[in-house]
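Reviewing the structure listed below.
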Amino acid sequence: MSVTPFTIAIPETEIAELRRRLRAARWPDQPTDAGWELGTDIAYLRELVAYWGSGFDWRAREAELNRLPQFKMELDGIAIHFVHAKAKGGAGLPLVLTHGWPGSFAEFAKLIPMLTDPAAHGGEAGDAFDVVVPSLPGYGFSDRPTRLGYDPSRIADLWAALMMELGYRRFAAQGGDWGAAVTTALGLRHQERLIGLHFNYIPGSFQIVGEASEFSEDERASLARRAAWAEAEGGYAHVQRTRPQSLAYALNDSPVGLAGWIAEKFRVWTDCGGEIERAVTRDELLTDISIYWFTQTISSSIRLYYEVRNKPLRFQPGEKVQVPCAIAHFPKEIPLPARSLVERAYDLRRWTEMPRGGHFAALEQPELLAEDIRAFFRPLRSVAA
């Protein structure tokens, strides 16, 4: 298995075609008093699309991303795209960061230098990491699987193989969203190779086998909050885990549709007070959406929901992630299970209540996330050899 350097280079014809489609958009109606109540607000989306078509500079964003050292490697018949940024001065703790949906490797662009060169970002040189950021199969610049079966457990096996090929026998892992599911699977399937696991989310399919009567009042309340959130906000997930292909035709063909589908998630899931660009910039949002558009990976990315529906994360009685774990809980995150429930299934050593931030922690609050990652792994570094 060989590592091949990779550079993002979207053809100019594809940029021109995107702009043509944006100009030719056919807009639906919306009641004048609806706002965001029915989904993405048409007034906001019109502004976003107008900027995407005439103000957004993809080439500038592409150049920024290309400053990250990117590579590809074929693993199990699929080419995986990844960033491999080594610690300044060497001797970094190996750390694999895994993104989720509707995110991408670009989420970590601000976080990576804070981890590889902490001394330049208010930290200590001894807390440096060798950072590996793969793009999930079917996301961004990784290959799109041609067959079913790429669930988080299989992806965890790919990550374990990738880290070994890069020369890292022991390593640490961090993730949110689907990255939390993959990181959990790493802890369950590759315990002997993991130094520690850091999360900013607990997988949505997380369940512990047991009767409701076995749970405390606080535990039942946390599960009820999670269920209420799913009822109010989980329509997207139900479609994506049941009929992803039907949805994909519209989102893959219409950049306006794609932007509307993804922008709503950034509004609901970030700590933005109802205004997306308080949490992420317009350029950051459109960089993420553009990656999905140019790589045509919306279909393959949402298919992961179907994969997890068929193979959800279920902890059987007595089953537990035995690797030391930490959770950074950001206040506007999708509701998490109670800490006591998490402790039944994870060897939880640290739980940090963050002052601000939401679901896209590396993008929204990279400094807070970097500080917590450094602090958690600091005492674990001695077992890395």
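Quick note: numbers below take in every heavy atom, side chains included, and nothing from hydrogens, waters or symmetry partners. Here, residue 1 is the first one in the sequence, and each next residue gets the next number.
- Scanning both residues, G138 and T297, for their nearest heavy atoms gives O-CB, 3.2 Å.
- Contact check on R59 versus E62 returns a salt bridge, with a Lys/Arg side-chain nitrogen under 4.0 Å from an Asp/Glu carboxylate oxygen.
- In the model, T352 has a side-chain atom that pairs as donor or acceptor with a side-chain atom of D372 under 3.5 Å.
- In this structure, R61 is not positioned above the aromatic face of F56 in the sense of NZ or CZ being under 6.0 Å from the six-membered ring centre and within 45° of the axis.
- Taking a 6.0 Å sphere around CD of E124, one finds it holds 12 or fewer heavy atoms contributed by other residues, nucleotides or ligands.
- In this structure, CZ in F360 is found 13.0 Å from CZ in F330, a value given to the nearest 0.5 Å.
- S222 contributes a side-chain N or O that, together with a main-chain N or O of E219, makes up a donor-acceptor pair within less than 3.5 Å.
- Defined by atom type and a distance below 3.5 Å, a donor-acceptor pair is present between the side-chain atoms of N200 and Q174.
- Ion pairing between E233 and K265 fails under the 4.0 Å rule for side-chain N and carboxylate O.
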Could you pull out all donor-acceptor pairs under 3.5 Å where a side-chain atom in residues 234-244 meets a protein atom, sequence neighbours excluded?
residue: Q240; atom: OE1; partner: W261; partner atom: NE1; Å: 2.8
residue: T242; atom: OG1; partner: H238; partner atom: O; Å: 2.6
residue: T242; atom: OG1; partner: V239; partner atom: O; Å: 3.4

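- Between L336 and R226, the shortest heavy-atom distance links the atoms CA-NH1, 3.5 Å.
- Between K320 and D347 there is no salt bridge, since no side-chain nitrogen of the basic residue lies less than 4.0 Å from a carboxylate oxygen of the acidic one.
- Here the two rings, on H359 and Y201, have centers that are under 6.0 Å apart.
- Stacking of R374 on the aromatic ring of F129 is not recorded, the 6.0 Å distance cut-off and the 45° axial limit not both being met.
- If you take CG on D283 and CD on E64, they are separated by 8.0 Å, rounding to the nearest 0.5 Å.
- Remark: aromatic rings of Y150 and Y306 are distant, center separation not under 6.0 Å.
- Between the side chains of N252 and Q296, at least one donor N or O lies within less than 3.5 Å of an accepting N or O.
- Between H190 and F171, the ring centre distance reaches or exceeds 6.0 Å.
- Annotation: the span from E307 atom CD to I155 atom CD1 amounts to 8.0 Å, rounded to 0.5 Å.
- Dense packing is recorded around NZ of K110, with more than 12 heavy atoms of other residues, nucleotides or ligands lying under 6.0 Å away.
- Here the OH atom belonging to Y249 is positioned 7.5 Å from the OG atom belonging to S299, to the nearest 0.5 angstrom.
- Ring to ring, F199 and Y346 are close: their centroids are under 6.0 angstrom apart.
- Listed by first and then second residue, the salt bridge (charged side-chain N to carboxylate O under 4.0 Å, His left out) pairs that reach into residues 356-369 come to none, sequence neighbours excluded.
- A pairwise comparison of heavy atoms in A328 and M354 identifies CB-CE, 3.8 Å as the closest pair.
- At a threshold of 4.5 Å between side-chain heavy atoms, the hydrophobic network of Ile, Leu, Val, Met, Phe, Trp and Tyr places I289 and W27 in one connected group.
- Ion pairing between R339 and D218 fails under the 4.0 Å rule for side-chain N and carboxylate O.
- For the residue pair G100 and D177, the shortest heavy atom distance occurs at CA-OD2, 3.3 Å.
- Aromatic pair F105/H99: centroids not less than 6.0 angstrom apart.
- Taking all atoms of both residues into account, the shortest heavy-atom contact from G35 to D41 is O-OD1, 3.3 Å.
- A salt bridge is defined here as a Lys NZ or Arg NE, NH1 or NH2 lying under 4.0 Å from an Asp or Glu carboxylate O, and R220 with E217 fails to meet this definition.
- For W36 and Y44, the gap between ring centers is short of 6.0 Å.
- Here the two rings, on F71 and F6, have centers that are 6.0 Å apart or farther.
- The closest side-chain donor-acceptor pair between W52 and S290 falls under 3.5 angstrom.
- In this structure, a donor-acceptor pair under 3.5 Å is absent between the side chains of T98 and W178.
- In summary, the side chains of S301 and R303 do not present any donor paired with an acceptor at a separation below 3.5 Å, with no hydrogens or angles considered.
- One side chain, E353 or W351, offers a donor N or O that lies under 3.5 Å from an acceptor on the other.
- Residues R278 and D271 are not paired through a salt bridge, judged by the lack of any N-O separation under 4.0 Å between the basic side chain and the carboxylate.
- For V321 against G187, the heavy-atom pair with the smallest separation is CG1-CA, 4.1 Å.
- Under a 4.0 Å N-O distance rule, the pair R267/E277 does not qualify as a salt bridge.
- Under the 3.5 Å distance criterion, the side-chain polar atoms of R193 are matched with a main-chain donor or acceptor of A160.
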